[in-house]
Amino acid sequence: MRLRQSVHFFLLGMFVGLSLSGLIYLGLASIWFGNHLTGNLGRTDVASVTQWLAPIVWEGTFDGTLIDSIYKQQNLTIATTIFALGKYTRFSKDFLESAEEHYFVGFRVHYYLFTDQPEAIPNVKLGQERYLTVKKVPSMNRWQDISMGRMEILEKLIQNELAKEEADYIFCLDVDTKFYGRWGVESLDRLVGVIHPWFFDVPRFIFTYERRPESQAYIPAGVGDYYYTAAAFGGSLKDVLHLTKTCREQMNIDAENSIEAIWHEESHLNKYFLYNKPSKLLSPEYLWRDISMSAGQVKIIRFSHVTKNKAEVRPNL
Ligand code: UD2
């Protein structure tokens with residue numbers, strides 16, 4: 001009887017021991033393989049996905065080398081537009097030189113630079129498979145018209161030229177800016193918005209949406225997800241064509257009704273993104289307010305506005 005009990009205890013002990021070591025082994029293996037597969041990616045201090053499951057790109061949420069190798073096989077062309085009218089031509093050199101250093105490095109990029117003074121655009125040495133087309137546009141007396149007028153010019157560019165020239169994606173960027181870090185294929189998607197650097201960590205009621213119902217850009221109080229900058233947006237040609245066309249149409253209706261949205265095309269862009277959700281959002285790393293300002297959760301500043309004396313560079317106040 002004693003012997004039988006001992007055998008039972010021995011077998012039970014063996015069973016418990018083996019089960020425990022199995023569990024420990026599985027746990028360790030899953031941690032190892034999990035880390036191995038994800039490379040420990042992910043952030044806990046910021047949201048990296050929206051409520052509609054669009055990724056929000058932050059440093060630490062992607063593996064640049066891996067994502068480059070995936071996109072490299074697709075032989076992509078990224079069209080990139082900037083506008084430099086009046087005194088803003090002075091910003092184009094730093095923009096282009098810094099873009100050559102940091103922007104879609106190793107990928108085909110075609111810059112389209114719109115200006116009223118082609119002769120004032122400096123000759124910047126571009127890398128292999130990097131192209132610049134300078135296009136002349138009429139001068140304008142109001143900076144607000146220059147800023148808003150971009151939507152119509154972009155619409156025409158995509159409709160009349162880019163579709164034929166087979167660009168795959170387009171980004172539309174402010175020129176009074178500079179690149180300081182990688183901006184690469186992690187930013188590509190169907191429709192891409194960039195969270196405005198002044199509003200990424202504030203409650204919704206602070207957002208400077210257009211609040212007058214008379215404007216087509218009107219967004220009522222209590223509505224809205226993010227406040228997006230108009231200084232950088234992009235996506236597929238088809239989606240950005242629809243965006244620029246819609247914003248242009250809405251701004252034309254406002255003009256007919258003698259109203260101009262509070263933040264011009266940015267107000268209309270925010271209205272557009274509210275009802276046509278971006279499929280990917282870029283964190284304020286992709287458009288910071290000024291390189292010298294402290295950054296909080298922004299661990300790397302990739303692209304930033306440069307400081308400017310608005311009264312000196314703009315044609316009007
Ligand atoms: C904000 C937006 C900007 C635009 C503008 C409209 C941010 C951070 N920036 O910037 O994208 O929506 O408000 O209210 O959200 N430009 C010229 N010549 C001029 C004036 C403007 O070429 O004389 C072009 C240039 O490409 C410039 C862009 O228009 O980058 C926007 O103008 P801005 O940068 O002066 O506007 P800002 O800083 O108020």
Side-chain angles (χ1 to χ4, degrees), residues 80-96 98-99 111-118 120-121 134-154 157 171-179 192-200 202 206-210 215 217 226-234 240 243-244 247-248 250-251 254-255 259-273 281-291 293 298 301-317:
T80 302
T81 62
I82 42 170
F83 289 72
L85 283 81
K87 292 184 179 169
Y88 280 59
T89 52
R90 68 176 65 164
F91 299 116
S92 53
K93 184 168 188 286
D94 274 1
F95 175 94
L96 289 168
S98 63
Y111 304 102
Y112 294 84
L113 192 160
F114 296 90
T115 180
D116 53 350
Q117 309 147 73
I121 302 304
V134 176
K135 289 181 167 285
K136 187 158 184 182
V137 288
S139 303
M140 286 185 195
N141 298 328
R142 290 179 75 235
W143 69 268
Q144 297 90 336
D145 290 334
I146 297 174
S147 201
M148 289 190 291
R150 294 184 290 179
M151 288 294 182
E152 183 171 2
I153 295 171
L154 294 172
L157 176 79
F171 273 104
C172 313
L173 306 174
D174 267 14
V175 75
D176 52 323
T177 49
K178 225 176 132 174
F179 293 88
V192 182
V194 181
I195 301 173
H196 196 295
W198 296 1
F199 301 105
F200 76 99
V202 298
I206 307 273
F207 295 172
T208 53
Y209 292 147
E210 174 56 64
S215 168
Y226 296 90
Y227 189 85
Y228 303 93
T229 175
F233 60 90
V240 178
L243 178 160
T244 51
C247 289
R248 191 260 304 157
Q250 303 292 79
M251 288 190 291
D254 271 9
I259 188 164
E260 191 168 87
I262 179 167
W263 286 107
H264 317 102
E265 82 289 357
E266 188 167 274
S267 307
H268 291 276
L269 180 77
N270 273 280
K271 173 77 177 279
Y272 185 85
F273 278 154
L281 274 67
L282 305 182
S283 68
E285 295 167 4
Y286 290 81
L287 194 266
W288 195 239
R289 34 198 147 170
D290 171 1
I291 189 73
M293 292 186 82
V298 176
I301 296 171
R302 304 171 190 280
F303 184 54
S304 177
H305 267 122
V306 296
T307 38
K308 62 178 189 265
N309 177 350
K310 291 185 177 176
E312 197 262 322
V313 288
R314 287 174 170 171
N316 63 309
L317 287 177

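Counting starts at 1 for both ligands and their atoms, following the listed order.
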Legend entry - atom 12 (O) of ligand 1: nearest protein contact (heavy atom, Å): E265 OE2, 2.7 Å
Legend entry - D290 side chain to T307 side chain, donor-acceptor N/O pair below 3.5 angstrom: no
Legend entry - F233 and L173, any side-chain heavy atoms less than 4.5 Å apart: no
Legend entry - atom 10 (O) of ligand 1 [closest protein heavy-atom partner, distance rounded to 0.1 Å]: D174 OD2, 4.2 Å
Inset, instruction - Check whether any heavy atom of G86 sits under 4.0 Å from an atom of ligand 1. - result: no
Legend entry - Atom indices of ligand 1, in the order listed, that fall short of 4.0 Å to a heavy atom of H196: 7 (C), 8 (C), 15 (O)
Inset, instruction - Could you check if a side-chain atom of S215 sits within less than 4.5 angstrom of a side-chain atom of D254, using non-hydrogen atoms only? - result: yes
Inset, instruction - Run the salt-bridge test on D174 and R150 with the 4.0 Å N-O cut-off and return the result as yes or no. - result: yes
Legend entry - E266-ligand 1 polar pair, N/O distance under 3.5 Å: yes
Inset, instruction - Check the angle between the aromatic planes of W143 and H264 and answer parallel, tilted or perpendicular using the 30° and 60° thresholds. - result: perpendicular
Inset, instruction - Tell me which protein heavy atom sits closest to atom 28 (C) of ligand 1, plus the residue, atom name and distance to 0.1 Å. - result: R150 NH1, 3.4 Å
Legend entry - Per-atom contacts of ligand 1 with I146, taking only distances under 4.0 Å to non-hydrogen atoms: 16 (N), 17 (C), 18 (N), 19 (C), 21 (C), 22 (O), 23 (O), 24 (C)
Inset, instruction - For the pair F207 and F199, name the ring-plane relationship: parallel under 30°, tilted 30 to 60°, perpendicular over 60°. - result: perpendicular
Inset, instruction - List every atom of ligand 1 that sits less than 4.0 Å from any heavy atom of A84, numbering the atoms from 1 in the order shown and giving each element. - result: 22 (O)
Inset, instruction - Do me a favour and list the nearest non-hydrogen protein atom to atom 7 (C) of ligand 1 with residue, atom name and distance? - result: T229 OG1, 3.3 Å
Inset, instruction - For Y272 and Q250, test the side chains for any donor-to-acceptor distance below 3.5 angstrom and give the result as yes or no. - result: no
Inset, instruction - Report yes if W143 has an N/O atom closer than 3.5 Å to an N/O atom of ligand 1; otherwise report no. - result: no
Legend entry - Shortest heavy-atom approach to atom 26 (O) of ligand 1 - which of F83, W198, F95, W288: F83
Legend entry - Close approach of R289 to ligand 1, heavy atoms, under 4.0 angstrom: no
Inset, instruction - Looking only at protein heavy atoms, identify the closest one to atom 13 (O) of ligand 1 and say how far it is in Å. - result: W263 CE3, 4.4 Å
Legend entry - Sidechain N-carboxylate O distance under 4.0 Å for R142, E260: yes
Inset, instruction - Could you tell me whether some N/O pair between P315 and ligand 1 is separated by less than 3.5 angstrom? - result: no
Legend entry - contact_flag K308 ligand 1 heavy-atom lt 4.0 Å: yes
Legend entry - Worked check of side-chain hydrogen bond (donor to acceptor under 3.5 Å, both in side chains) between Y228 and E266: CA-CA 8 Å; Y228 303 93; E266 188 167 274; over 6 Å; no
Inset, instruction - Run the numbers for me: atoms of ligand 1, each under 4.0 Å from some heavy atom of R314, listed by number. - result: 33 (P), 35 (O), 36 (O), 37 (P), 38 (O), 39 (O)
Inset, instruction - Output yes when R302 and E285 qualify as a salt bridge under the 4.0 Å nitrogen-oxygen rule, no when they do not. - result: yes
Inset, instruction - Could you verify whether a donor N or O on one side chain and an acceptor N or O on the other, from N270 and H196, lie under 3.5 Å apart? - result: no
Legend entry - Check: L85 N/O within less than 3.5 Å of ligand 1 N/O: yes
Legend entry - Nearest neighbour in protein (non-hydrogen) for atom 35 (O) of ligand 1: Y88 OH, 2.5 Å
Legend entry - Any N or O of A231 closer than 3.5 Å to N or O of ligand 1: yes
Inset, instruction - From the options I291, V194, T177, select the one residue that forms a side chain to side chain contact (heavy atoms under 4.5 Å, CB included) with F303. - result: T177
Inset, instruction - For E265 and S147, test the side chains for any donor-to-acceptor distance below 3.5 angstrom and give the result as yes or no. - result: yes
Legend entry - For atom 30 (O) of ligand 1, closest protein heavy-atom neighbour: D176 OD1, 2.6 Å
Inset, instruction - Would you mind checking which non-hydrogen protein atom is closest to atom 5 (C) of ligand 1, with the distance to 0.1 Å? - result: S147 OG, 3.5 Å
Inset, instruction - Using a strict cut-off of 4.0 Å, indicate which atoms of ligand 1 neighbour a heavy atom of H305. - result: 7 (C), 8 (C), 9 (N)
